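This report concerns only the one structure given below.
Counting starts at 1 for both ligands and their atoms, following the listed order. Since we're looking at a predicted model, the values are computed, not measured.
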Amino acid sequence: MEKTELKNIVILATGGTIAGKAASGTQMTGYTAGAYSVADLLAGVPELGELAHISGEQLCNIDSSSITDALLLRLAQRCNELLAQDDVDGVVITHGTDTMEETAFFLNLTLKSAKPVVLVGAMRPATAVSADGPLNIINAVKVAVDAASAGQGVLVMMNDEIYSGRDVTKTNTANVATFKATNGGPLGFIVGGEVHYYYRSVRPHTLQSEFDVTGVTALPRVDIIYTHIGEDRVFVDAALAAGARGLIYAGSGMGSIHEAVEAALAEAGVVVVRSSRTGSGIVAAGLERWQEQGFLYADNLNPQKARLLLQLVLLRTQERNEVQGVFLKY
Ligand code: ASP
C-alpha cells in the first residue's frame with residue numbers, strides 16, 4: 001500500500017505485561033508490568049510503519065490490576081477526544097491483561113464513535129523468550145485498519161483471536177490462550193496475517209449505547225460480594241458503611257444467595273444485582289422471594305462487568321425496573 005493511503009492509528013499505552021520487564025528471558029512471573037514506554041514498544045515493532053501511520057501516546061504506565069475508576073474515566077474521555085479527530089482513524093490501547101475485560105466493556109459502553117478501537121496486551125513480558133506482545137500489537141493494528149472492524153464496538157485482540165469487549169474474559173492465569181468469550185466465542189481471527197470476521201455482537205455499544213461519560217468526574221461506588229460456604233453479612237455491611245450505592249452479588253451457581261446474607265441484602269436499601277461466580281451462563285430472575293425483595297439479575301455478565309454497567313446506570317437512575325431493563329439490553 002502507498003504510504004499516502006495508510007490510515008492514522010494512535011497507540012494509547014497504559015502499561016501491563018506487554019510493557020513488562022523481567023530479569024531474564026525465561027522469567028515469566030514476578031516481573032514488573034508497565035516498565036517500558038510506548039516509544040520503547042513501538043521501536044520493537046518497526047513493521048507497524050508498513051501498516052499505518054502510527055503515533056504513540058502514554059496515558060499511564062501501570063499494572064492493570066491497579067486501575068482506578070478515575071483512570072478508567074480518563075481513558076474513556078481521552079479515547080473520545082482522539083476518535084473525534086479527523087486525523088485519527090482508529091485507536092489501539094495497550095493494556096494489562098488482568099482487567100482488560102473490564103476496560104474493554106466500559107469503553108464499549110461509553111465511546112461515541114464507529115471507528116475501530118482495539119485493546120491488546122501480552123501474557124509474557126517484553127523481555128521474554130517468545131514474548132507474545134510484538135505480534136499481538138501488529139495484529140491489533142491490522143484489526144484497527146481493517147474496514148470490517150468499524151462499528152463492531154470495542155474489540156480485544158489477543159493470541160490471533162478478535163473478541164467483543166462485552167463478552168471477553170480472562171480465563172487462565174498464565175496461558176497465552178487465556179482470553180475467551182465463555183458464553184460464545186471470538187468474533188474473528190487473524191490467520192496468515194489477514195483479518196477474518198465471522199460473528200458480530202448484537203448487544204448495543206458505542207454509538208447505540210445510552211451511556212455518556214463526558215464531563216463525569218466520578219462513578220458511584222458499587223462493590224462485589226463474592227459468596228462462599230460459611231459466608232456471613234460482614235462484607236455487605238462493610239460495603240454499605242463505605243458508601244456503596246449498589247451491590248453485585250457474585251452468587252454460587254445461577255446467582256444463588258447464601259441464607260445468612262439474604263436479610264442484609266434485602267435491608268441494604270441500594271440496588272442489588274445477582275450475578276454468578278461460575279464464569280459462564282445466564283443468571284435469571286430466580287426465586288420469587290428474591291424478586292419480591294427487589295433483587296435484580298445480571299443476565300450473562302460476569303460480576304466485574306456487571307459492576308461497571310451498574311455504575312453507569314446509577315449515574316442516571318436507581319429505579320429497579322429501569323436498571324433491570326438495562327441489564328437485559330446491554
Ligand atoms: N499484571 C499484568 C497486568 O494486568 C498482567 C498482564 O498484563 O498480563 O498489567
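One finds a salt bridge joining Lys170 and Asp98 here, because a Lys/Arg side-chain nitrogen approaches an Asp/Glu carboxylate oxygen to under 4.0 Å.
Checking only distances, Tyr31 never comes within under 3.5 Å of ligand 1, N or O to N or O. Below 3.5 Å of separation, one finds an N or O of Asp63 facing an N or O of ligand 1. Backbone and side-chain nitrogen or oxygen atoms of Ser64 are examined, and one is located within less than 3.5 angstrom of a nitrogen or oxygen of ligand 1. Checked by distance only, ligand 1 and Thr97 come closer than 3.5 Å through their nitrogen or oxygen atoms.
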*Take Glu81 and Arg78 through the salt bridge (Lys or Arg N to Asp or Glu O under 4.0 Å) test and state the conclusion after the steps.*
CA-CA 5 Å; Glu81 283 168 9; Arg78 183 62 189 138; 2.7 Å; yes

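Side-chain atoms of Glu101 and Asn302 form a donor-acceptor pair, as typed in the model, at a separation below 3.5 Å. In this model, no donor atom of one side chain and acceptor atom of the other lie less than 3.5 Å apart for Asn183 and Asp167.
Taking 4.0 Å as the cut-off, Ala122 counts as a neighbour of ligand 1 on heavy-atom distance.
Looking at Val38 and Leu12, their side chains never come closer than 4.5 Å, going by heavy atoms from C-beta outward.
Heavy-atom proximity to Gly16, at under 4.0 Å, picks out these atoms of ligand 1: 7 (O), 9 (O). The Thr17 neighbourhood of ligand 1 comprises atoms 2 (C), 5 (C), 6 (C), 7 (O), 8 (O), with distances under 4.0 Å to a heavy atom of that residue.
Counting heavy atoms of neighbouring residues, nucleotides and ligands inside a 6.0 Å radius, atom OH of Tyr199 does not exceed 12 of them.
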